[in-house]
Amino acid sequence: MPGLTPLELWQETGRDRTMGDTLLRLAGPPGDWRSGLVLGPTHEEVITELARAYLKSYKQLPITLYQIQTKFRGEARPKSGILRTREFLMKDAYSFHDSKESLDREYENLYAAYCRIFGRCGLPYLAVEADTGAMGGDVSHEFMVLTEAGEDAVAISERGDYAANLERAQAAPPAAPADVALQPIQEVHTPGAGRVEDVCRMLGTRPQDMLKTLVYQGTEGAERRIRVVALVRGDHEISETKLNKVAGTPLELADPETIAAVTGAKVGFAGPQGLIDRIDKLIVDREAAVLRNAATGANKTDYHVTGINPGRDFPLSGDKVILADIRTVVDGDLAPTANPSPLRLRTAIEIGHVFKLGTKYSHSMGATYLDQNGSAQPCIMGCYGIGLNRIMAAAIEAHHDDDGIIWPMSIAPFEAQVIGLDPRDTEVMRVAGEIHDQLAAVGVDVLFDDRDERAGFKFKDADLVGVPLRVVVGKKSLAAGGVEVSQRGVEGKQTMSLADAVRWVIGRVREEMAALTPK
RNA sequence: CGGGGUGUAGCUCAGCCUGGCUAGAGCGCUUGGUUCGGGACCAAGAGGUCGCAGGUUCGAAUCCUGUCACCCCGACCA
């Protein structure tokens, strides 16, 4: 597919706007050919353009197309070496279907294929439930490699029956509210206590007995400004990913002026009581909704209130009210499973992501096929990506020691390396060259170090680069009866004849590859 | 977009706070010699408008102002 893609395709799906600065647009004068091109950050639009041109009949479905290509995304801040770069390599696949069931089957196929690919790459990976973000669609899984070097967070249950990206992870639903007597609202003077900890210290209460009241603003539809109040328990952090999804539009924390206009108080003294008529939406976290006799802001600078009760003091139903899970889980929360165990938070590298897209792209771009009744239907789509650079990064994170990389055989740049230790010794170099040629002749991917460098230098380089198998030829090894073989990351080395060394390498390659091949 | 930091030899950096001889180190490079299976050693050498512009001063790498670039943290992130 093209790397430079027509801007008009992105306008058709609206992603020229929603992707914002992620899209690299060529800058040309109005009407100039450059003004109409975008360097592709992903290829849903392009593949859908191909689909609407060529997929006309249900008889052509299902079909899955893939490519390996350079992508470009205007990341706000590229970082972590090869992990997060503006330009990167992706293997991306797209599937087209005439039914949800067909999509489900192919999703399962590709999910399983991706598991085999990552297993074959020697990666300790994990599939987790994921948020679909700006891609759209409903169901999605990410493939993660757990490592400190990662920049994603995942929640995994101790029992191992639940794993999700932190953006999506949910805790078990809250228990029913405690059966206690409801207290009246009482106003308390809390000068300068804008933060939850300050209020707790002054009132002698705990964060989990407080309501955090957050004012957000955004736009709805074309241009209409909206104000949204979100409630979470005092000890919880709001998840803006979840909040935006529930609100159906991107929200941002309101500026101090808007907060003052909504609450009548400075930042830090907002409460949900009496606000419903002044806002467009009230979004209540399900755990905030079961609080009893909570403390929160009084909508009056330097004052808080106690004895706030959901349902009595602010509505839990009605047109403007949404009850949902909008908080980020924390380490130790219970998993939302039948037999709940605590969730643990880990950092991870995302190496692959699969989505059920549905008809988001085919509908907006008019990619339709004719079904058996002759009526036009939008294709049902899936998309499936693998970050190739990140496979390298994750493999190195997972397989290295103090001396350098230890490549899994399947993705090593070379399977074996022959080191001729003394390039000025003709016999050493003749034997080394012979081993190299014999290995190459039987299809082993072999690197030959014949540089005129000191022995230690070449050994250190070999360790650093991490080619799995090593054959060393030197005056010393020849005197000891042959050549020396060893495996990166494995203790010990052995001396054997030239012919045995060639057989040893071939055998080791075969065994390592077999060990990496899923059953 | 917010916060912090750094620009001095090819590379990594010290020197700056507290202005003062000819601006330093390690690595790399050049030449000669020795060494040669785990990133050698000895000797001699080349190499810098101290990011840029302006100012203060008898004197600026050092202090002040401006400017440019890069890095880190955060926000954001199919």
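So that the names make sense, note that chain A is the first sequence line, chain B the second, and so on, each numbered from 1. This one's a predicted model, so the numbers in the text were calculated from it and none came from an experiment.
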Would you kindly give the [atom1]-to-[atom2] distance between [X] and [N], to the nearest whole Å?
X: A:Phe457; N: B:rC41; atom1: CZ; atom2: P; result: 13 Å
X: A:Glu151; N: B:rA75; atom1: CD; atom2: P; result: 12 Å
X: A:Asp449; N: B:rG39; atom1: CG; atom2: C1'; result: 13 Å
X: A:Lys458; N: B:rA40; atom1: NZ; atom2: C1'; result: 16 Å

Filtered N/O pairs between nucleotides 28-37 of chain B and protein, under 3.5 Å:
residue	atom	partner	partner atom	Å
B:rU35	O2	A:Arg454	NH1	2.9
B:rG37	O2'	A:Lys476	NZ	2.9
B:rG37	O6	A:Ser477	N	2.6
B:rG37	O6	A:Ser477	OG	3.4
B:rG37	N1	A:Glu484	OE1	3.4
B:rG37	N2	A:Glu484	OE1	2.7
B:rG37	N2	A:Glu484	OE2	2.4

[Y]/[X] salt bridge by N-O under 4.0 Å criterion:
X: A:Lys212; Y: A:Asp235; value: no
X: A:Arg344; Y: A:Asp331; value: yes
X: A:Lys475; Y: A:Glu427; value: no

Mate of [N] where both pairing distances stay under 3.5 Å, Watson-Crick or G-U:
N: B:rC1; result: B:rG74
N: B:rA44; result: B:rU30
N: B:rA69; result: B:rU6
N: B:rC16; result: none
N: B:rG54; result: B:rC64
N: B:rU35; result: none

[N] to [M] separation - [atom1] atoms, rounded to the nearest Å:
N: B:rC72; M: B:rA9; atom1: C1'; result: 26 Å
N: B:rU30; M: B:rG3; atom1: P; result: 48 Å
N: B:rU56; M: B:rU65; atom1: P; result: 15 Å
N: B:rG45; M: B:rU67; atom1: P; result: 46 Å
N: B:rG7; M: B:rU12; atom1: C1'; result: 14 Å
N: B:rG15; M: B:rU22; atom1: C1'; result: 16 Å
N: B:rC1; M: B:rA53; atom1: C1'; result: 28 Å
N: B:rG2; M: B:rG24; atom1: P; result: 42 Å

Sugar-phosphate only, base, or nothing, as touched by A:Glu142 at under 4.0 Å among non-hydrogen atoms:
nothing
Sugar-phosphate only, base, or nothing, as touched by A:Phe88 at under 4.0 Å among non-hydrogen atoms:
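Base contact.
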Residue pairs, two or more places apart or on separate chains, that pass side chain to side chain donor-acceptor pair (under 3.5 Å) and touch residues 383-395 of chain A:
A:Ser95-A:Tyr384
Could you list the residues that satisfy side-chain hydrogen bond (donor to acceptor under 3.5 Å, both in side chains) with A:Lys91, not counting sequence neighbours?
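By the side-chain hydrogen bond (donor to acceptor under 3.5 Å, both in side chains) rule, A:Lys91 matches A:Tyr114.
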Want to settle it: does A:Glu167 or A:Lys460 sit nearer the 5' end of RNA chain B, counting the closest nucleotide to each?
A:Lys460
Quick check on RNA chain B: between A:Met90 and A:Arg451, whose nearest nucleotide comes earlier from the 5' end?
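Final value for this comparison: A:Arg451.
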Of all residues at least two apart in sequence or in a different chain, which pass the salt bridge (Lys or Arg N to Asp or Glu O under 4.0 Å) check with A:Glu453?
none
Sequence neighbours excluded, which residues qualify as salt bridge (Lys or Arg N to Asp or Glu O under 4.0 Å) partners of A:Arg346?
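By the salt bridge (Lys or Arg N to Asp or Glu O under 4.0 Å) rule, A:Arg346 matches no residue at all.
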Quick one: ring pair (Phe, Tyr, Trp, His ring centres under 6.0 Å) pairs with a partner in residues 444-488 of chain A, sequence neighbours left out?
A:His436-A:Phe448
